[in-house]
Amino acid sequence: MQVAVVTFDGFNELDSFIASALINRCREDGLEAFITTPTPVVTSMNGVEVTGQRPMEFVTEAEVVLIGSGVKAREVVADDRLIARLPLDPSRQLIGAQCSGALVLARLGLLEDVPACTDVKTRPFVEARGVTVLDTPFHSEGNIATAGGCLASQYLATWVMTRTLGEDAARGVLDYVAPVGENRETVERALSAVRSGESVLR
């Protein structure tokens with residue numbers, strides 16, 4: 001199973017790298033994430049240049065697509081040609097968005113009947129598109145999920161791991177990366193966020 005972590009110019013390192021790093025700890029179980037970019041090289045909001053692992057067209061092959069956040073999200077959604085390169089299909093793909101990535105999902109029409117989570121700065125722009133924004137770090141309905149706040153990217157990754165490989169796989173990864181002495185709290189916090197996010201409005 002392949003995961004496309006869509007990463008635009010001006011991206012937030014925490015959003016793209018935390019999700020991809022956690023998911024890639026499941027390689028031996030057949031789940032692998034790739035930084036997917038619209039151009040060969042993208043530059044983060046802090047000036048870090050990254051070479052994409054897969055081109056944007058990879059999103060049509062991936063079983064999971066995560067849309068990362070960044071300072072140029074409003075430019076992304078205003079670019080019709082760029083948006084056209086994201087033919088996502090929630091009937092066969094798990095689709096998630098981190099922070100301002102929710103703005104991209106809204107632009108694609110994937111949040112018409114689905115409330116979303118996003119960051120504080122992006123919230124008014126997502127709401128302006130008619131989307132209800134929740135005051136929670138994670139929410140999912142069916143095959144669509146959103147997370148708000150940079151460190152909530154761990155919840156998005158947890159959702160992907162539990163949906164594709166099961167809760168035990170997610171527990172193993174979270175336990176390994178947890179701060180020493182905080183293993184139980186870290187694992188349970190992430191799993192609880194995903195469980196409660198799935199039950200909101202159901």
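Both backbone and side-chain heavy atoms feed into the values below; hydrogens, waters and symmetry mates do not. Each residue takes its place number in the sequence, starting with 1.
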Evaluate side-chain hydrogen bond (donor to acceptor under 3.5 Å, both in side chains) for N143 paired with R92, printing each intermediate quantity in order.
CA-CA 8 Å; N143 287 344; R92 66 175 184 82; over 6 Å; no
Where do T164 and L31 come nearest, in terms of heavy atoms and distance?
OG1-CD2, 3.4 Å
For a 4.5 angstrom cut-off between non-hydrogen side-chain atoms, does S44 reach V50?
no
Donor-acceptor under 3.5 Å (T36 side chain, A4 main chain)
no
Whether the side chain of D15 engages the backbone of C99 through a donor-acceptor N/O pair (distance < 3.5 Å, no angle test) should be reported.
no
OG1 of T39 to CZ of F8, rounded to nearest 0.5 Å, is 10.5 Å
Is the backbone N or O of F138 less than 3.5 Å from a side-chain atom of S140, with the two atoms forming a donor-acceptor pair by type?
no
Looking only at heavy atoms, what is the nearest atom pair of G96 and L156, with distance?
CA-CD1, 4.2 Å
Please tell me whether V177 and V194 are part of a single hydrophobic cluster in this structure, the criterion being side-chain heavy atoms less than 4.5 Å apart.
yes
Taking all atoms of both residues into account, what is the closest heavy-atom pair of A102 and L111, and its distance?
O-CD1, 3.4 Å
Taking the side chain from Q98 and the backbone from L14, do they hold a donor-acceptor pair closer than 3.5 Å?
no
Determine, stepwise, if the pair T7 / S16 fulfils side-chain hydrogen bond (donor to acceptor under 3.5 Å, both in side chains).
CA-CA 7 Å; T7 303; S16 289; 3.0 Å; yes
A33 backbone acceptor or donor facing N24 side chain under 3.5 Å:
yes
Closer than 4.0 angstrom, basic N to acidic O: yes or no for D80 and R107?
yes
In the single-linkage hydrophobic clustering (I, L, V, M, F, W, Y; side-chain heavy atoms under 4.5 Å), do F125 and L108 co-cluster?
yes
Do the non-hydrogen side-chain atoms of D135 and R123 ever get within less than 4.5 Å of each other?
yes
side-chain hydrogen bond (donor to acceptor under 3.5 Å, both in side chains) for N46 and E13? Distances and angles first, verdict last.
CA-CA 8 Å; N46 293 307; E13 300 95 330; 3.0 Å; yes
Hey, mind stepping through V59 and V6 against side chain to side chain contact (heavy atoms under 4.5 Å, CB included) and telling me if it holds?
CA-CA 8 Å; V59 299; V6 178; 3.8 Å; yes
If we check side-chain contact (heavy atoms from CB on, under 4.5 Å) with T158, which of these qualifies: I23, L191, V187?
L191
Main chain of T37, side chain of R54: is a donor-acceptor contact present, judged purely on distance under 3.5 Å?
no
Can you classify the ring geometry of F17 versus F11 as parallel (below 30°), tilted (30 to 60°) or perpendicular (above 60°)?
perpendicular
Any salt bridge linking R25 with E32? Criterion: basic side-chain nitrogen under 4.0 Å from a carboxylate oxygen.
no
Just wondering, more than 12 heavy atoms not from R85 lying within 6.0 Å of its CZ?
yes
Side-chain heavy atoms nearer than 4.5 Å, only ILVMFWY residues, links allowed to pass through others: does that put V104 and V64 together?
no
Short question: side chain of T122, backbone of T118 - any donor-acceptor pair under 3.5 Å?
no
Under the side chain to side chain contact (heavy atoms under 4.5 Å, CB included) criterion, do Q53 and F58 qualify, and how do the steps go?
CA-CA 10 Å; Q53 296 172 290; F58 176 63; over 6 Å; no
Is any side-chain heavy atom of N12 less than 4.5 Å from a side-chain heavy atom of C150?
yes
In Å, rounded to the nearest 0.5 Å, how long is the span from OH of Y176 to OG1 of T186?
14.5 Å
If you round to the nearest 0.5 Å, how far is CD of Q93 from CD1 of I144?
10.5 Å
Scanning both residues in full, the closest heavy-atom pair of P87 with T60 reads CG-CG2, 3.6 Å
Separation between CG (L105) and OG1 (T146), nearest 0.5 Å, reads 7.5 Å
Can you tell me how far apart CD1 (I35) and OG (S20) are? Round to the nearest 0.5 Å.
4.0 Å
Can you hop from L86 to V114 via hydrophobic side chains spaced under 4.5 Å?
yes
Atom OG in S153, atom CG in L22: separation rounded to 0.5 Å?
7.0 Å
Of all heavy-atom pairs linking Q2 and E63, the shortest is N-OE1, 2.7 Å
Which atom of V65 lies closest to which atom of I67, heavy atoms considered
CG1-CD1, 3.9 Å
Any donor-acceptor N/O pair, E188 side chain to R184 backbone, under 3.5 Å:
no
Are any side-chain N or O atoms of H139 and backbone N or O atoms of C117, one a donor and one an acceptor, separated by less than 3.5 Å?
no
Transitively linked via ILVMFWY side-chain contacts under 4.5 Å: V160 with I18?
yes
